[in-house]
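Taking it in order: structure first as C-alpha coordinates, then the write-up.
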Amino acid sequence: MLSGKKILLGVTGGIAAYKTTYLVRLLVKAGAEVRVVLSPSARDFVTPLSLSTLSKNPVYWEYYDKESESGEWHNHVEMGLWPDLLVLAPLTANSLAKIAQGQSDNFLMAVYLSVKCPVFFAPAMDLDMYKHPATQNNISVLKSFGHHFIPAENGELASGLSGEGRMAEPETILQHINAYLFEQAPLAGKKILITAGPTYEAIDPVRFIGNRSSGKMGMALAEAAAQKGAQVTLVLGPSALNSTNNAISIIRVESTLEMLAAAEDNFSQADWAIFSAAVADYRPKNPAQQKIKKVIGAEEMRLDLIQNPDILKTLAAEKRTDQVVIGFALETENALANAQKKLHTKNCDWIVLNSPDKNERGFGHDTNEVYLIGKNQEQIALSLKLKKELAHEILDILHQHHN
Ligand code: PMT
(Lines give C-alpha, C1' and ligand atoms only; values in the text may rest on other atoms or scores of the structure.)
Protein backbone atom coordinates (compact mmCIF):
# COMPACT_ATOMS: atom_id res chain seq x y z
CA MET A 1 0.00 0.00 0.00
CA LEU A 2 2.93 2.32 0.61
CA SER A 3 4.42 2.07 -2.84
CA GLY A 4 4.98 5.53 -4.26
CA LYS A 5 3.49 7.26 -1.21
CA LYS A 6 5.21 10.40 0.05
CA ILE A 7 5.68 10.20 3.81
CA LEU A 8 6.92 13.10 5.90
CA LEU A 9 8.23 11.94 9.26
CA GLY A 10 8.30 14.55 12.03
CA VAL A 11 10.60 13.54 14.87
CA THR A 12 10.54 15.32 18.25
CA GLY A 13 13.08 15.14 21.07
CA GLY A 14 12.62 11.96 23.08
CA ILE A 15 14.76 8.88 23.55
CA ALA A 16 12.46 6.90 21.22
CA ALA A 17 13.79 9.08 18.38
CA TYR A 18 16.54 6.48 17.91
CA LYS A 19 13.87 4.04 16.67
CA THR A 20 13.02 6.35 13.79
CA THR A 21 16.08 5.17 11.87
CA TYR A 22 14.44 1.73 11.73
CA LEU A 23 11.03 3.26 10.94
CA VAL A 24 12.53 5.16 7.98
CA ARG A 25 14.10 1.94 6.75
CA LEU A 26 10.80 0.07 6.96
CA LEU A 27 8.95 2.82 5.11
CA VAL A 28 11.57 3.05 2.35
CA LYS A 29 11.62 -0.74 2.02
CA ALA A 30 7.84 -0.70 1.62
CA GLY A 31 8.27 1.62 -1.38
CA ALA A 32 7.53 4.99 0.22
CA GLU A 33 9.47 8.15 -0.47
CA VAL A 34 10.45 9.51 2.93
CA ARG A 35 11.54 12.94 4.09
CA VAL A 36 12.32 13.78 7.68
CA VAL A 37 11.90 16.98 9.68
CA LEU A 38 13.33 17.15 13.20
CA SER A 39 12.40 19.38 16.11
CA PRO A 40 15.51 21.19 17.38
CA SER A 41 15.86 18.88 20.42
CA ALA A 42 15.38 15.69 18.34
CA ARG A 43 18.93 16.23 17.10
CA ASP A 44 20.15 15.39 20.63
CA PHE A 45 18.76 11.87 20.18
CA VAL A 46 19.25 10.98 16.51
CA THR A 47 21.57 12.43 13.89
CA PRO A 48 20.34 14.07 10.68
CA LEU A 49 23.11 12.16 8.87
CA SER A 50 21.65 8.76 9.86
CA LEU A 51 18.17 9.79 8.80
CA SER A 52 19.24 11.38 5.54
CA THR A 53 21.37 8.34 4.66
CA LEU A 54 18.44 6.01 5.26
CA SER A 55 15.78 8.20 3.65
CA LYS A 56 18.10 9.24 0.79
CA ASN A 57 16.81 12.78 1.26
CA PRO A 58 18.06 15.87 3.09
CA VAL A 59 16.81 16.24 6.67
CA TYR A 60 15.59 19.64 7.90
CA TRP A 61 15.18 21.16 11.38
CA GLU A 62 15.31 24.93 10.83
CA TYR A 63 14.05 27.55 8.42
CA TYR A 64 17.39 28.14 6.81
CA ASP A 65 20.73 26.44 6.67
CA LYS A 66 22.81 28.29 9.24
CA GLU A 67 25.80 26.04 8.72
CA SER A 68 26.14 26.37 4.94
CA GLU A 69 27.27 29.55 3.25
CA SER A 70 24.25 29.60 0.99
CA GLY A 71 21.90 29.97 3.97
CA GLU A 72 19.29 28.12 1.88
CA TRP A 73 15.68 28.86 2.91
CA HIS A 74 13.50 25.85 3.73
CA ASN A 75 9.93 26.67 2.91
CA HIS A 76 7.58 25.16 5.51
CA VAL A 77 4.53 25.74 3.30
CA GLU A 78 6.05 23.84 0.37
CA MET A 79 7.17 21.12 2.75
CA GLY A 80 3.64 20.93 4.11
CA LEU A 81 2.16 20.49 0.63
CA TRP A 82 4.53 17.67 -0.31
CA PRO A 83 3.43 14.61 1.68
CA ASP A 84 0.59 12.16 1.28
CA LEU A 85 0.90 11.45 5.03
CA LEU A 86 2.57 13.14 7.98
CA VAL A 87 3.75 10.82 10.76
CA LEU A 88 4.78 12.41 14.06
CA ALA A 89 6.88 9.84 15.89
CA PRO A 90 7.93 10.04 18.61
CA LEU A 91 5.68 12.88 19.72
CA THR A 92 6.80 14.20 23.12
CA ALA A 93 4.40 15.62 25.74
CA ASN A 94 5.77 19.08 24.97
CA SER A 95 5.26 18.90 21.17
CA LEU A 96 1.88 17.25 21.67
CA ALA A 97 0.82 20.22 23.83
CA LYS A 98 2.14 22.70 21.24
CA ILE A 99 0.21 20.99 18.47
CA ALA A 100 -2.97 20.90 20.56
CA GLN A 101 -2.65 24.68 20.95
CA GLY A 102 -1.50 25.46 17.43
CA GLN A 103 1.88 26.85 18.55
CA SER A 104 4.54 27.28 15.93
CA ASP A 105 7.86 28.04 17.59
CA ASN A 106 10.01 25.78 15.40
CA PHE A 107 10.25 24.59 11.79
CA LEU A 108 8.54 21.24 12.45
CA MET A 109 5.55 22.91 14.12
CA ALA A 110 5.25 25.33 11.17
CA VAL A 111 5.35 22.38 8.75
CA TYR A 112 2.69 20.58 10.80
CA LEU A 113 0.40 23.61 10.66
CA SER A 114 0.87 23.78 6.88
CA VAL A 115 0.12 20.16 5.94
CA LYS A 116 -3.07 19.28 4.12
CA CYS A 117 -2.68 15.50 4.37
CA PRO A 118 -3.74 12.97 7.04
CA VAL A 119 -1.63 13.08 10.20
CA PHE A 120 -0.59 10.13 12.38
CA PHE A 121 0.89 10.67 15.83
CA ALA A 122 2.72 8.21 18.09
CA PRO A 123 3.31 9.77 21.52
CA ALA A 124 6.24 8.68 23.68
CA MET A 125 7.00 9.80 27.25
CA ASP A 126 7.30 8.55 30.80
CA LEU A 127 4.25 6.78 32.26
CA ASP A 128 3.14 9.56 34.63
CA MET A 129 3.45 12.17 31.91
CA TYR A 130 1.38 9.95 29.62
CA LYS A 131 -1.32 9.41 32.25
CA HIS A 132 -1.54 13.09 33.14
CA PRO A 133 -4.95 14.58 32.35
CA ALA A 134 -3.27 17.40 30.40
CA THR A 135 -1.59 14.88 28.08
CA GLN A 136 -4.73 12.77 27.74
CA ASN A 137 -6.68 15.93 27.00
CA ASN A 138 -4.15 16.94 24.33
CA ILE A 139 -4.42 13.49 22.73
CA SER A 140 -8.21 13.97 22.57
CA VAL A 141 -7.70 17.39 20.97
CA LEU A 142 -5.51 15.88 18.23
CA LYS A 143 -8.06 13.12 17.69
CA SER A 144 -10.75 15.79 17.37
CA PHE A 145 -8.65 17.32 14.54
CA GLY A 146 -9.13 13.97 12.76
CA HIS A 147 -5.53 12.89 13.38
CA HIS A 148 -4.81 9.19 13.69
CA PHE A 149 -3.65 8.14 17.15
CA ILE A 150 -1.06 5.38 17.47
CA PRO A 151 -1.21 4.60 21.20
CA ALA A 152 1.91 4.34 23.32
CA GLU A 153 2.78 0.82 24.41
CA ASN A 154 3.33 -0.78 27.80
CA GLY A 155 6.84 -1.80 28.79
CA GLU A 156 10.16 -0.73 30.19
CA LEU A 157 10.78 3.02 29.90
CA ALA A 158 14.02 5.00 29.67
CA SER A 159 13.46 6.22 33.26
CA GLY A 160 13.76 2.62 34.47
CA LEU A 161 10.05 2.54 35.33
CA SER A 162 7.70 0.20 33.59
CA GLY A 163 4.28 1.12 32.24
CA GLU A 164 2.40 2.79 29.40
CA GLY A 165 4.31 5.49 27.52
CA ARG A 166 6.86 3.93 25.19
CA MET A 167 6.47 4.71 21.52
CA ALA A 168 4.72 2.06 19.45
CA GLU A 169 7.24 -0.16 17.68
CA PRO A 170 8.07 0.89 14.09
CA GLU A 171 6.32 -2.27 12.78
CA THR A 172 3.15 -1.25 14.65
CA ILE A 173 3.33 2.27 13.23
CA LEU A 174 3.66 0.75 9.77
CA GLN A 175 0.62 -1.47 10.40
CA HIS A 176 -1.48 1.58 11.37
CA ILE A 177 -0.46 3.38 8.19
CA ASN A 178 -1.09 0.35 6.00
CA ALA A 179 -4.50 -0.32 7.56
CA TYR A 180 -5.48 3.29 6.91
CA LEU A 181 -4.27 3.22 3.31
CA PHE A 182 -6.10 -0.05 2.70
CA GLU A 183 -9.36 1.46 3.98
CA GLN A 184 -8.85 4.49 1.78
CA ALA A 185 -8.07 2.47 -1.33
CA PRO A 186 -11.30 2.28 -3.32
CA LEU A 187 -9.93 -0.34 -5.75
CA ALA A 188 -8.27 -2.58 -3.14
CA GLY A 189 -8.55 -6.22 -4.20
CA LYS A 190 -9.39 -5.38 -7.83
CA LYS A 191 -7.35 -6.79 -10.69
CA ILE A 192 -7.15 -4.50 -13.69
CA LEU A 193 -5.79 -5.34 -17.13
CA ILE A 194 -4.71 -2.37 -19.26
CA THR A 195 -3.39 -2.31 -22.82
CA ALA A 196 -1.37 0.77 -23.75
CA GLY A 197 1.00 2.30 -26.26
CA PRO A 198 1.36 1.66 -29.96
CA THR A 199 1.98 -1.61 -31.80
CA TYR A 200 4.82 -2.07 -34.28
CA GLU A 201 4.11 -4.35 -37.22
CA ALA A 202 7.29 -5.61 -38.85
CA ILE A 203 7.90 -4.92 -42.55
CA ASP A 204 11.38 -6.41 -42.32
CA PRO A 205 13.92 -6.75 -39.45
CA VAL A 206 14.53 -2.98 -39.35
CA ARG A 207 11.28 -1.33 -40.45
CA PHE A 208 7.76 -1.37 -39.11
CA ILE A 209 4.30 0.17 -39.39
CA GLY A 210 3.53 1.99 -36.15
CA ASN A 211 1.69 4.98 -34.76
CA ARG A 212 2.27 8.00 -32.55
CA SER A 213 0.94 6.63 -29.25
CA SER A 214 3.37 7.20 -26.36
CA GLY A 215 1.62 5.00 -23.80
CA LYS A 216 1.09 8.02 -21.49
CA MET A 217 -2.68 7.61 -21.22
CA GLY A 218 -2.44 3.90 -20.39
CA MET A 219 0.45 4.42 -17.98
CA ALA A 220 -1.51 7.19 -16.22
CA LEU A 221 -4.43 4.77 -15.82
CA ALA A 222 -2.10 2.05 -14.50
CA GLU A 223 -0.47 4.40 -11.96
CA ALA A 224 -3.82 5.81 -10.83
CA ALA A 225 -5.35 2.34 -10.47
CA ALA A 226 -2.35 1.15 -8.43
CA GLN A 227 -2.56 4.23 -6.22
CA LYS A 228 -6.19 3.35 -5.59
CA GLY A 229 -5.20 -0.12 -4.42
CA ALA A 230 -5.65 -2.24 -7.58
CA GLN A 231 -3.25 -4.89 -8.88
CA VAL A 232 -2.51 -3.87 -12.45
CA THR A 233 -1.25 -5.86 -15.43
CA LEU A 234 -0.12 -3.42 -18.07
CA VAL A 235 0.39 -4.85 -21.56
CA LEU A 236 2.55 -2.15 -23.06
CA GLY A 237 3.52 -1.72 -26.69
CA PRO A 238 6.88 -0.12 -27.60
CA SER A 239 7.17 2.85 -25.24
CA ALA A 240 9.93 4.57 -23.29
CA LEU A 241 7.74 4.69 -20.20
CA ASN A 242 8.30 2.61 -17.09
CA SER A 243 6.86 2.33 -13.60
CA THR A 244 8.50 1.53 -10.30
CA ASN A 245 5.17 0.81 -8.64
CA ASN A 246 5.18 -2.78 -7.31
CA ALA A 247 1.44 -3.07 -7.91
CA ILE A 248 1.96 -2.72 -11.67
CA SER A 249 3.35 -5.64 -13.59
CA ILE A 250 4.37 -4.63 -17.08
CA ILE A 251 4.37 -7.05 -20.00
CA ARG A 252 6.26 -5.47 -22.89
CA VAL A 253 5.11 -6.43 -26.38
CA GLU A 254 5.70 -5.20 -29.87
CA SER A 255 3.09 -6.38 -32.35
CA THR A 256 -0.68 -6.70 -32.23
CA LEU A 257 -0.42 -10.50 -32.15
CA GLU A 258 1.91 -10.30 -29.14
CA MET A 259 -0.40 -7.81 -27.43
CA LEU A 260 -3.39 -10.08 -28.07
CA ALA A 261 -1.57 -13.11 -26.63
CA ALA A 262 -0.51 -11.24 -23.46
CA ALA A 263 -3.95 -9.70 -22.96
CA GLU A 264 -5.63 -13.08 -23.57
CA ASP A 265 -3.41 -14.71 -20.90
CA ASN A 266 -4.53 -12.16 -18.33
CA PHE A 267 -8.12 -11.39 -19.29
CA SER A 268 -9.97 -14.07 -17.30
CA GLN A 269 -8.30 -12.99 -14.01
CA ALA A 270 -9.20 -9.32 -14.55
CA ASP A 271 -12.16 -7.63 -12.87
CA TRP A 272 -11.81 -4.66 -15.22
CA ALA A 273 -10.05 -4.54 -18.58
CA ILE A 274 -9.17 -1.18 -20.13
CA PHE A 275 -8.07 -1.11 -23.78
CA SER A 276 -6.25 2.18 -24.29
CA ALA A 277 -3.66 0.89 -26.77
CA ALA A 278 -3.52 2.27 -30.29
CA VAL A 279 -3.49 -1.01 -32.18
CA ALA A 280 -2.66 -1.38 -35.88
CA ASP A 281 -5.69 -2.58 -37.79
CA TYR A 282 -3.45 -4.11 -40.51
CA ARG A 283 0.01 -5.67 -40.58
CA PRO A 284 2.33 -6.60 -43.47
CA LYS A 285 1.20 -9.94 -44.82
CA ASN A 286 4.65 -11.36 -45.41
CA PRO A 287 7.31 -9.54 -43.38
CA ALA A 288 10.69 -9.99 -45.07
CA GLN A 289 13.32 -12.02 -43.21
CA GLN A 290 16.12 -9.75 -44.47
CA LYS A 291 16.26 -5.99 -44.89
CA ILE A 292 14.40 -5.03 -48.07
CA LYS A 293 16.82 -3.51 -50.58
CA LYS A 294 16.06 -0.46 -52.68
CA VAL A 295 15.56 -1.54 -56.30
CA ILE A 296 17.25 0.88 -58.71
CA GLY A 297 14.72 2.13 -61.20
CA ALA A 298 11.64 0.97 -59.27
CA GLU A 299 9.73 4.17 -58.39
CA GLU A 300 6.96 2.37 -56.53
CA MET A 301 6.68 -0.60 -54.28
CA ARG A 302 3.65 -2.31 -52.84
CA LEU A 303 3.17 -3.79 -49.42
CA ASP A 304 0.42 -6.36 -48.94
CA LEU A 305 -1.37 -5.97 -45.63
CA ILE A 306 -3.58 -8.36 -43.75
CA GLN A 307 -6.14 -7.47 -41.11
CA ASN A 308 -5.09 -7.84 -37.48
CA PRO A 309 -7.43 -9.39 -34.94
CA ASP A 310 -9.31 -6.85 -32.85
CA ILE A 311 -7.97 -7.44 -29.32
CA LEU A 312 -10.79 -5.61 -27.58
CA LYS A 313 -13.55 -7.24 -29.63
CA THR A 314 -12.05 -10.73 -29.28
CA LEU A 315 -11.74 -10.54 -25.49
CA ALA A 316 -14.95 -8.61 -24.80
CA ALA A 317 -16.85 -11.34 -26.66
CA GLU A 318 -15.86 -13.74 -23.84
CA LYS A 319 -16.58 -11.26 -21.04
CA ARG A 320 -18.32 -12.65 -17.95
CA THR A 321 -21.13 -10.69 -16.28
CA ASP A 322 -18.83 -9.82 -13.35
CA GLN A 323 -16.23 -8.25 -15.66
CA VAL A 324 -16.19 -4.66 -16.86
CA VAL A 325 -14.68 -3.85 -20.25
CA ILE A 326 -13.65 -0.33 -21.19
CA GLY A 327 -12.61 0.49 -24.74
CA PHE A 328 -11.13 3.70 -26.11
CA ALA A 329 -12.12 5.34 -29.37
CA LEU A 330 -9.88 7.74 -31.24
CA GLU A 331 -12.08 9.61 -33.70
CA THR A 332 -11.44 12.43 -36.12
CA GLU A 333 -14.99 12.69 -37.59
CA ASN A 334 -18.54 11.79 -36.50
CA ALA A 335 -16.92 11.15 -33.17
CA LEU A 336 -19.96 10.44 -31.01
CA ALA A 337 -21.74 8.22 -33.53
CA ASN A 338 -18.59 6.23 -34.29
CA ALA A 339 -17.77 5.80 -30.61
CA GLN A 340 -21.30 4.60 -29.86
CA LYS A 341 -21.01 2.11 -32.69
CA LYS A 342 -17.74 0.79 -31.23
CA LEU A 343 -19.34 0.54 -27.76
CA HIS A 344 -21.97 -1.87 -29.12
CA THR A 345 -20.09 -3.79 -31.81
CA LYS A 346 -17.14 -4.43 -29.48
CA ASN A 347 -19.41 -5.40 -26.53
CA CYS A 348 -17.97 -2.77 -24.18
CA ASP A 349 -19.47 -1.48 -20.94
CA TRP A 350 -17.85 1.90 -21.57
CA ILE A 351 -16.05 3.71 -24.35
CA VAL A 352 -13.66 6.57 -23.67
CA LEU A 353 -13.85 8.85 -26.68
CA ASN A 354 -11.01 11.21 -27.54
CA SER A 355 -10.09 13.19 -30.63
CA PRO A 356 -6.49 13.98 -31.47
CA ASP A 357 -5.19 17.46 -32.07
CA LYS A 358 -1.72 18.85 -32.58
CA ASN A 359 -1.48 20.82 -29.37
CA GLU A 360 -3.04 19.17 -26.41
CA ARG A 361 -5.16 16.07 -27.02
CA GLY A 362 -4.54 12.45 -27.96
CA PHE A 363 -1.17 11.06 -29.02
CA GLY A 364 1.95 11.98 -27.09
CA HIS A 365 0.60 14.94 -25.11
CA ASP A 366 0.50 15.10 -21.33
CA THR A 367 -3.08 16.37 -21.54
CA ASN A 368 -6.29 15.00 -23.00
CA GLU A 369 -10.02 15.64 -23.10
CA VAL A 370 -12.41 12.70 -23.13
CA TYR A 371 -16.05 11.77 -23.25
CA LEU A 372 -17.21 8.66 -21.43
CA ILE A 373 -20.09 6.76 -22.98
CA GLY A 374 -21.71 3.96 -21.02
CA LYS A 375 -23.81 1.11 -22.34
CA ASN A 376 -26.71 2.35 -20.18
CA GLN A 377 -26.83 5.68 -22.05
CA GLU A 378 -24.43 7.46 -19.68
CA GLN A 379 -22.56 10.37 -21.27
CA ILE A 380 -19.96 12.14 -19.16
CA ALA A 381 -17.64 14.87 -20.45
CA LEU A 382 -14.25 15.29 -18.76
CA SER A 383 -12.63 18.59 -19.68
CA LEU A 384 -9.07 19.11 -20.89
CA LYS A 385 -6.53 18.26 -18.18
CA LEU A 386 -3.42 16.22 -17.45
CA LYS A 387 -3.74 12.56 -18.42
CA LYS A 388 -2.67 11.77 -14.85
CA GLU A 389 -5.68 13.67 -13.48
CA LEU A 390 -8.06 12.30 -16.12
CA ALA A 391 -7.01 8.77 -15.23
CA HIS A 392 -8.14 9.31 -11.64
CA GLU A 393 -11.44 10.80 -12.77
CA ILE A 394 -12.13 7.95 -15.20
CA LEU A 395 -11.43 5.35 -12.50
CA ASP A 396 -13.58 7.22 -9.96
CA ILE A 397 -16.50 7.17 -12.41
CA LEU A 398 -16.03 3.46 -13.08
CA HIS A 399 -15.85 2.83 -9.34
CA GLN A 400 -19.13 4.72 -8.75
CA HIS A 401 -20.87 2.54 -11.35
CA HIS A 402 -19.27 -0.85 -10.61
CA ASN A 403 -18.69 -0.90 -6.86
O1 PMT B 1 -0.54 6.74 -25.73
P2 PMT B 1 -0.82 8.24 -25.74
O3 PMT B 1 0.22 9.01 -26.51
O4 PMT B 1 -1.02 8.79 -24.35
O5 PMT B 1 -2.17 8.47 -26.50
C6 PMT B 1 -3.36 7.98 -25.97
C7 PMT B 1 -4.29 7.43 -27.06
C8 PMT B 1 -4.69 8.54 -28.00
C9 PMT B 1 -3.59 6.32 -27.85
C10 PMT B 1 -5.55 6.83 -26.32
O11 PMT B 1 -6.19 7.84 -25.62
C12 PMT B 1 -6.52 6.19 -27.30
O13 PMT B 1 -7.37 6.85 -27.87
N14 PMT B 1 -6.41 4.85 -27.51
C15 PMT B 1 -7.18 4.11 -28.50
C16 PMT B 1 -6.63 4.36 -29.88
C17 PMT B 1 -7.31 3.55 -30.96
O18 PMT B 1 -6.66 2.74 -31.55
O19 PMT B 1 -8.60 3.75 -31.06
P20 PMT B 1 -9.56 2.97 -32.13
O21 PMT B 1 -10.78 3.83 -32.18
O22 PMT B 1 -8.83 2.71 -33.40
O23 PMT B 1 -9.85 1.59 -31.44
C24 PMT B 1 -11.00 1.37 -30.62
C25 PMT B 1 -10.68 0.41 -29.50
O26 PMT B 1 -10.38 -0.89 -30.05
C27 PMT B 1 -9.49 0.80 -28.66
O28 PMT B 1 -9.81 0.46 -27.31
C29 PMT B 1 -8.37 -0.07 -29.18
O30 PMT B 1 -7.40 -0.36 -28.17
C31 PMT B 1 -9.11 -1.32 -29.60
N32 PMT B 1 -8.50 -2.06 -30.71
C33 PMT B 1 -8.44 -1.53 -31.97
C34 PMT B 1 -7.92 -2.27 -33.00
C35 PMT B 1 -7.45 -3.57 -32.75
N36 PMT B 1 -6.93 -4.32 -33.71
N37 PMT B 1 -7.51 -4.07 -31.51
C38 PMT B 1 -8.01 -3.34 -30.49
O39 PMT B 1 -8.04 -3.82 -29.35
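Fair warning: this is a prediction, and the values are worked out from it, not measured in the lab.
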Please check this pair: side chain of [X] against backbone of [Y], looking for a donor-acceptor N/O pair closer than 3.5 Å.
X    : Y    : value
H76  : L113 : no
S239 : S214 : yes
T135 : K131 : no
T256 : V279 : no
N354 : E369 : no
N75  : E78  : yes
D126 : M129 : no
Q379 : Y371 : no
N138 : A100 : no
K387 : H365 : yes

Side chain proximity check, [X] to [Y], heavy atoms < 4.5 angstrom:
X    : Y    : answer
M217 : V352 : no
I99  : V119 : no
L336 : I373 : yes
F267 : Q323 : yes
L312 : V325 : yes
M219 : S243 : yes
V36  : S52  : no
N57  : V34  : no

Say you draw a straight line from [atom1] of [X] to [atom2] of [Y]; how long is it, rounded to the nearest 0.5 Å?
X    : Y    : atom1 : atom2 : answer
Y18  : L23  : OH    : CG    : 12.5 Å
S268 : K191 : OG    : NZ    : 10.0 Å
L221 : I274 : CG    : CD1   : 5.0 Å
N338 : E333 : CG    : CD    : 7.0 Å
I7   : S55  : CD1   : OG    : 12.5 Å
I326 : L398 : CD1   : CG    : 4.5 Å

Within the supplied structure, the quantity of interest is the number of heavy atoms (other residues, nucleotides, ligands) at a distance under 6.0 Å from [X] [atom1]; does it exceed 12?
X    : atom1 : answer
K5   : NZ    : yes
R212 : CZ    : no
E171 : CD    : yes
F145 : CZ    : yes
K388 : NZ    : no

Taking ring-ring contact (aromatic ring centres under 6.0 Å, His included) as the cut-off, I'd like each qualifying pair that reaches into [range], sequence neighbours left out, listed once.
range            : value
residues 307-327 : none
residues 80-129  : Y63-F107, Y112-H147, F120-H148, F120-Y180, F121-F149
residues 184-230 : Y200-F208

Per the salt bridge (Lys or Arg N to Asp or Glu O under 4.0 Å) rule, what does the pair list look like for [range], sequence neighbours excluded?
range            : result
residues 217-244 : K228-D396
residues 104-121 : K98-D105
residues 274-290 : none
residues 254-274 : none

If you look at every heavy atom in [X] and [Y], which pair is closest and at what distance?
X    : Y    : result
A262 : I251 : CB-CG2, 3.9 Å
G163 : L127 : CA-CD1, 4.0 Å
K375 : L343 : CA-CD2, 3.8 Å
I173 : A122 : CD1-CB, 4.1 Å
A188 : F182 : CB-CE1, 3.6 Å
S39  : T12  : OG-CA, 3.3 Å

So, using side chain to side chain donor-acceptor pair (under 3.5 Å) as the criterion, who are the partners of [X] when residues are at least two apart?
X    : value
K6   : none
E164 : none
D44  : none

* **Trace of the side-chain contact (heavy atoms from CB on, under 4.5 Å) decision for Q269 with N266** => CA-CA 6 Å; Q269 296 99 286; N266 289 280; 4.1 Å; yes
* So, K19 and E169, do they make that salt bridge, N to O below 4.0 Å? ->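 E169 and K19: salt-bridged.
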* side-chain contact (heavy atoms from CB on, under 4.5 Å) against D366, all qualifying residues, sequence neighbours excluded -> K216, L386
* To do: List for me each residue that meets side-chain contact (heavy atoms from CB on, under 4.5 Å) alongside A17, sequence neighbours excluded, and say none if there are none.
  =>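 So A17 forms a side-chain contact (heavy atoms from CB on, under 4.5 Å) with V11, F45, V46, P90.
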* Working for side-chain contact (heavy atoms from CB on, under 4.5 Å), residues Y60 and R35 -> CA-CA 9 Å; Y60 302 104; R35 291 187 188 173; 5.6 Å; no
* Can you check side-chain contact (heavy atoms from CB on, under 4.5 Å) on L303 and I209, steps first, answer last? -> CA-CA 11 Å; L303 205 55; I209 295 174; 4.3 Å; yes
* To do: Give the C-alpha distance, both sets of side-chain angles, the deciding distance and a yes or no for side-chain contact (heavy atoms from CB on, under 4.5 Å) between R252 and N242.
  => CA-CA 10 Å; R252 291 190 184 270; N242 201 359; 3.4 Å; yes
* Would you please say whether a donor-acceptor pair under 3.5 Å links the side chains of Y282 and E201? => no
